[in-house]
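What follows is a short report on a single structure.
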Number of protein chains: 2
Amino acid sequence: MPTDAIETLLALAHAHAVAARALEVQGLSFGELRLLLALRASHPGGRRPTELARDLELTPSGVTRALLPLEKRGIVERERDPGDARASHAKLTAAGATLLDDAVGPAAERAARLLRRLSVGQTKQLQRLLEEVGR
Amino acid sequence: MPTDAIETLLALAHAHAVAARALEVQGLSFGELRLLLALRASHPGGRRPTELARDLELTPSGVTRALLPLEKRGIVERERDPGDARASHAKLTAAGATLLDDAVGPAAERAARLLRRLSVGQTKQLQRLLEEVGR
DNA sequence: GACAAGTATTTGAATAATCACATATAGTGC
DNA sequence: GCACTATATGTGATTATTCAAATACTTGTC
């Protein structure tokens, strides 16, 4: 029989699958939304792919590949780092910022709907507990 | 700014990514482990792919494709449903059951490690809260 | 100031999963 | 028992993501 720890992670996987499915909005997958929110939260100069990889718990390679279609759609742009020729900085374009603003409202609605059975306090507590998982 | 509901789901996605990474064991991905545990929990006659899809929050197509390599490796086998020629039943082979038994111990260790900052009560609570997400 | 070791990023090949559609079968109402 | 609709599953094409290796650059050390 699975332990309590495993059962909790099974519940985590299930909830995540439901959430990822529900949070597609404005042609953005949940993963893309996460990426764009991370970019918006970063310094105006942008965020390095390696940092994004850590933030989003992706591989650097995954970040490269996630950025590509967003660049093509004009949502994200990149600049070379003047001080380190290996590195670059990704940031939202103006169009990307607008798109994100438009997406956040509907996303928030759906998120609230997913969590509708939890009180505000329980939601906050869930967040705190999740933030303890894995670090 | 993202709402509390969105922030909670971001924390959920992060925790899931960490967990999925950590729970690979014995050549089984976390997804495969989930599938095998679902099979083990089902009736001895096996479980229909469609039911598995619901259990695991996958598409039926995803189940078909997840089962394929497991069948090839002799971990899972399928039987046609005698009463309904459209349907089939997937179940663990003896080798699959053994492999799963061997995988559960290490998986439980890693799961416990991920949750090491939470008390037993908090873990249980996290599980309860997660089970309220999306239904 | 060359050289070893480390860091940032990309790429090719592979795995996981999706969607839209195809196929086969079942169930229902007449 | 036919026509319709619904259900179970599989398939082709596409997207997301990984790992291992390649490339390009930086840094520290002697």
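Here is how names work: the chains are called A, B, and so on, in the same order as the sequence lines, proteins then strands, and each is numbered from 1. Predicted model, so just to flag it, every value in this text is computed and none were measured.
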Report task. Could you check if a side-chain atom of B:T93 sits within less than 4.5 angstrom of a side-chain atom of B:L99, using non-hydrogen atoms only? Result -> no

Report task. Look at all strands and tell whether A:R78 reaches a base, only sugar-phosphate, or nothing, counting heavy atoms closer than 4.0 Å. Result -> sugar-phosphate

**Report entry** Under 4.0 Å protein heavy-atom contacts per nucleotide of nucleotides 24-29 of chain D, with B for base, S for backbone only and - for none
**Finding:** BBS---

Query raised in the report: Can you name the residues that form a side-chain hydrogen bond (donor to acceptor under 3.5 Å, both in side chains) with B:S88, not counting sequence neighbours?
Result: B:R78

Query raised in the report: Can you name the residues that form a side-chain hydrogen bond (donor to acceptor under 3.5 Å, both in side chains) with B:T3, not counting sequence neighbours?
Result: none

Query - Near-strand residues of residues 9-40 of chain A, defined as heavy-atom separation under 4.0 angstrom from DNA chain C - result: A:R21

Requested in this report: Check DNA chain C against residues 49-71 of chain B and give the residues with a non-hydrogen atom under 4.0 Å, in numerical order.
Outcome: B:L58, B:T59, B:S61, B:G62, B:R65

**Report entry** Pair listing, side-chain hydrogen bond (donor to acceptor under 3.5 Å, both in side chains) test, anchored in residues 47-56 of chain B, at least two apart
**Finding:** B:R47-B:E51, B:R47-B:D55

Between [atom2] of [N] and [atom1] of [X], the distance in whole Å:
X: A:R80; N: D:dT23; atom1: CZ; atom2: P; answer: 16 Å
X: B:D81; N: C:dA26; atom1: CG; atom2: C1'; answer: 12 Å
X: A:E79; N: C:dA8; atom1: CD; atom2: P; answer: 19 Å

Query raised in the report: Under the salt bridge (Lys or Arg N to Asp or Glu O under 4.0 Å) rule, what pairs show up with a residue in residues 96-114 of chain B, not counting sequence neighbours?
Result: B:R40-B:D101

Query - By salt bridge (Lys or Arg N to Asp or Glu O under 4.0 Å) - contacts of A:R86 (at least two apart) - result: A:D84

Can you name the residues that form a side-chain contact (heavy atoms from CB on, under 4.5 Å) with [X], not counting sequence neighbours?
X: B:E32; answer: B:L28, B:S29, B:L70, B:R73
X: B:A11; answer: A:Q127, A:L130, A:E131
X: B:T59; answer: A:R21, B:S61
X: A:D4; answer: B:K124

